[in-house]
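What follows is a single structure, written as structure tokens, with notes after it.
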Number of protein chains: 4
Amino acid sequence: MTERTRPLGRPRSEDARLAVLRAVDDMLVEEGYAAMTMKGIAERAGVGRQTVYRWWSSKAEILLEASAADAARELTVRSGADAESEVTAFLVALTTFLTRSDAGLAYRALLGEAQHDRKVAELLSGTDVLGDAARAVIGSARAHGALAAEPDTDALVAELVGPLVYRILAEGRTAERTELQRMAARFLAR
Amino acid sequence: MTERTRPLGRPRSEDARLAVLRAVDDMLVEEGYAAMTMKGIAERAGVGRQTVYRWWSSKAEILLEASAADAARELTVRSGADAESEVTAFLVALTTFLTRSDAGLAYRALLGEAQHDRKVAELLSGTDVLGDAARAVIGSARAHGALAAEPDTDALVAELVGPLVYRILAEGRTAERTELQRMAARFLAR
Amino acid sequence: MTERTRPLGRPRSEDARLAVLRAVDDMLVEEGYAAMTMKGIAERAGVGRQTVYRWWSSKAEILLEASAADAARELTVRSGADAESEVTAFLVALTTFLTRSDAGLAYRALLGEAQHDRKVAELLSGTDVLGDAARAVIGSARAHGALAAEPDTDALVAELVGPLVYRILAEGRTAERTELQRMAARFLAR
Amino acid sequence: MTERTRPLGRPRSEDARLAVLRAVDDMLVEEGYAAMTMKGIAERAGVGRQTVYRWWSSKAEILLEASAADAARELTVRSGADAESEVTAFLVALTTFLTRSDAGLAYRALLGEAQHDRKVAELLSGTDVLGDAARAVIGSARAHGALAAEPDTDALVAELVGPLVYRILAEGRTAERTELQRMAARFLAR
DNA sequence: GATTAATCGAGACGGTACGTCGCGTCTTAGT
DNA sequence: ACTAAGACGCGACGTACCGTCTCGATTAATC
């Protein structure tokens, strides 16, 4: 009988876990990533600091857990009539995500932190929300008969997502719907 | 007599300024952006802390001044025989810059910080090293007769630079020369 | 049948009790009173923390229980030929107790804690190891015909014990045997 | 020219020093030694924590500095008509000091802490308020022609001070004036 | 034999002080 | 007016211990 026995001692409090995730979510929007501190999170969540440190090693880790599911959901696009409308819908969703969504704010903060913190970079390398969403759209486009010429999906992901991400994250600009439509058309025209 | 008279008192010490810039350069490589502190910079430079605060308001500002010139130089590409070789050379330079250069490390740190720090974002919006370099290459390509179909230079910049930047910064990968060549070819094939 | 019935439920574990007392004894010597913590005691004794808190309310209480018997034993003096040799023997025992014995170390720690902790002061007021031992010696001296002039035993206790205790606890000095002999002689010369 | 030059940098703030000493004085009386924390002291004094740690290494050290002068003053006895009245006055002062004075409260806390903290013990060994005061009284008694028989001043100090200190600190009792008079008489009767 | 009740070890819980570090400001003397 | 030095008030860091709480498991007495 390999019955998995419950670990000894008082079990982890689900209440505390949710309170922390919720606090991080709220604080990111209200105060921003830089102003968020482990101490502040614990106090806001009504939780001991040790409890936070026991289960997460950094605010980045909490933020990732708090926003990953939302991010994936917000980047999922309903299947459409044709490849171009689907790709356009994805680019619209991506723009909204990066410029208006709370989860997108978290993603930007984490991606930013990853540029000068090895730990965060490794943490992020475990998940690839943008890439996963992009791959889904590319797969759907292929099912519609598009993109037959290019077999390298990774390259396609970068070409689909890269220009828009660069525009928003590095140039600080955004994009109109018509621009996104043109971008989608160009992407499929290969 | 509108000659602007020199301000009173002891003039700013060029020695101190250079010592600070040098210290920031070295510390970024040796210790990383996060471990770099204003206090540490001052001590390393053998300079009073007030002197640092008097001339720069944050480590991001110092870092920008310390690395901007290097960045521009490293991203400048010699004119080549044809558009494709020039674009390829630029992508190679960009890859080296982002993955191996000290100035590139500074750029990544600053771009990262800009994602969760409004001040840094504004600071960076004043300069656009990647964009400027890309525009130069695009102009040269046009002089070679390429890219006639697309008049929107900003869109071209994002399409040239975005995929590679995304690949390196968000996916943490790099790119081989052959891959960069294909990327250049695809970019010009419109 | 007024036989007091055993309380319901699992009875107190004698093993646990002894393990805690033993742990406190050892830790006092090895790490000192200040470094001793309730958490540490429980771990050292291999006992749950709740078990410790269930039976004792502070480390002072445990320490008192762990050392009281030893202290009384160490301060008991064999009856001797005359009053002076008995008193001297007591002063020697007291010196050894305060400067070398583990139980004496516990006594000093408790007496010290009592100076700034009301609870510990009350705890200690219940027992008077030094006083009891001194009273026994004084009684014996009286039986030998000494100290007839002074009927106030409490005053005698303080005069017998006080100077030596002060010397050791407040001045941090100790006392040679010849000094103790002189002290005993002076004490009896009244 | 051995002109002693002032140390570099901003000089120590006398305001901060006094605020800390004052805070410790007040807190000892209001909250007690055990409840006093370095954090609390800093906050009460309106001073940064680092500033406290910069100049004192423990609350015991601050307390000593804050109370030493008061203690010495309170234990100083005006010269009287004869030795007995002087010694009695000293014992009264000592009783008041140990049972009612703020400085005495500090002395008891420090002496207590010294029993289980080596650092505090060493700290206290540098000063000997009780001993110094006792020595002064004994000197004065000798000037009055008393105590000629006993040349060992240290022993006299212990015999003068020890019984009363023991009575108050270890037995938690106090002493009436008549009792102190008898004690003084006995002390001088040798 | 099953139930009940109090114990046991283990360990997570909300708190809070620890001593350190960096922040950005200030106050010196010296250039 | 500038410089280096360094103390200032402030507050977050990650750790340790506080005393309490919730687990499953154990151990007697009672039903």
Side-chain angles (χ1 to χ4, degrees), chain A residues 5-13 15-17 19 35-43 45-55 57-59, chain B residues 6-13 15-16 35-43 45-55 57-59, chain C residues 5-13 15-16 19 35-43 45-55 57-59, chain D residues 5-13 15-17 19 35-43 45-55 57-59:
Chain A
T5 179
R6 177 102 88 99
L8 284 180
R10 181 176 179 174
R12 175 174 185 183
S13 159
D15 282 2
R17 185 181 146 262
M36 233 169 67
T37 66
M38 290 296 260
K39 190 187 182 222
I41 293 167
E43 281 169 5
V47 142
R49 297 168 66 176
Q50 190 69 262
T51 298
V52 180
Y53 282 108
R54 185 152 31 226
W55 304 110
S57 64
S58 66
K59 60 177 176 174
Chain B
R6 174 103 86 104
L8 286 181
R10 181 176 177 174
R12 175 174 183 182
S13 159
D15 282 0
M36 233 170 67
T37 67
M38 292 297 260
K39 191 190 177 204
I41 293 167
E43 281 169 6
V47 143
R49 298 170 63 178
Q50 194 66 262
T51 301
V52 180
Y53 283 108
R54 189 159 16 235
W55 304 112
S57 66
S58 67
K59 62 176 175 174
Chain C
T5 179
R6 175 107 83 107
L8 284 181
R10 181 176 179 173
R12 177 174 182 183
S13 158
D15 282 2
M36 233 170 65
T37 66
M38 291 297 258
K39 192 193 179 204
I41 293 167
E43 281 168 5
V47 142
R49 300 171 63 177
Q50 192 66 263
T51 299
V52 180
Y53 283 108
R54 190 156 20 229
W55 304 112
S57 66
S58 66
K59 60 177 176 175
Chain D
T5 179
R6 177 101 88 101
L8 283 179
R10 179 177 180 173
R12 176 174 183 182
S13 160
D15 283 1
R17 183 181 147 263
M36 234 170 66
T37 66
M38 291 296 259
K39 189 187 182 222
I41 294 167
E43 282 169 4
V47 143
R49 299 170 63 175
Q50 191 68 263
T51 299
V52 180
Y53 283 107
R54 193 163 10 237
W55 303 112
S57 65
S58 65
K59 59 177 177 175

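Computed from a predicted model, the values in this text were never measured in an experiment. Convention: sequence-line order gives letters A, B, ...; per-chain numbering from 1. All values below come from the heavy atoms of this structure, side chains included, with hydrogens, waters and symmetry mates left out.
Between A/W55 and the phosphate of E/dG11, there is no side-chain N or O to OP1/OP2 separation shorter than 4.0 Å. Regarding contacts with the backbone of E/dA12, every side-chain N or O of A/T51 stays at 4.0 angstrom or more from both OP1 and OP2. Between D/S13 and F/dA7, a side-chain N or O to OP1/OP2 separation shorter than 4.0 Å is absent.
Taking atom OH of residue D/Y53 and atom C1' of nucleotide F/dG6, one finds them 21 Å apart after rounding to whole Å. One can place CZ of D/R17 at 12 Å from P of F/dC8, the figure rounded to the nearest angstrom. Between the CG atom of A/D15 and the P atom of E/dG14 there is a distance of 9 Å, rounded to whole Å. One can place CZ of A/R54 at 12 Å from C1' of E/dG15, the figure rounded to the nearest angstrom. E/dC26 atom C1' lies 16 Å from atom CE of B/M38, rounded to whole Å. Atom CZ in A/R6 sits roughly 13 Å away from atom P in E/dA12 (whole-Å rounding). Rounding to whole angstrom units, CE of residue A/M36 and C1' of F/dG11 are separated by 17 Å. With rounding to whole Å, B/K39 atom NZ is found 15 Å from F/dA4 atom C1'.
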Exercise for review: Report the C-alpha distance between D/K39 and D/R49 in whole Å, list the side-chain angles of each, state the deciding distance to 0.1 Å, and finish with yes or no for side chain to side chain contact (heavy atoms under 4.5 Å, CB included).
Suggested key: CA-CA 6 Å; D/K39 189 187 182 222; D/R49 299 170 63 175; 4.1 Å; yes

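Counting heavy atoms from C-beta outward, D/W55 and D/R17 have side chains that stay 4.5 Å or more apart.
A residue-by-residue look at C/Q50 and B/A16 shows that B/A16 has its nearest nucleotide of DNA chain F further toward the 5' end. The residue among A/G46 and C/P11 whose nearest nucleotide of DNA chain E lies closer to the 5′ end is C/P11. DNA chain F is contacted by both C/T37 and B/G48; B/G48 maps to the nucleotide lying nearer its 5′ end (nearest heavy atom per residue). Nearest-nucleotide assignment on DNA chain E puts the 5′-proximal partner with C/A45, out of C/A45 and B/A35.
Considering all non-hydrogen atoms of both residues, D/S13 and D/A16 come closest at OG-N, 3.0 Å.
Checked against A/V47 for a side chain to side chain contact (heavy atoms under 4.5 Å, CB included), the options A/V52, A/D15, A/I41 give a single hit: A/V52.
Taking only distance into account, the side chain of A/R10 never meets the base of E/dC13 through a donor-acceptor pair shorter than 3.5 Å. Applying the 3.5 Å distance criterion, the base of E/dG24 shares a donor-acceptor pair with the side chain of B/R49.
The line from CZ of C/R10 to CZ of C/R12 is 13.0 Å long, rounded to the nearest 0.5 Å.
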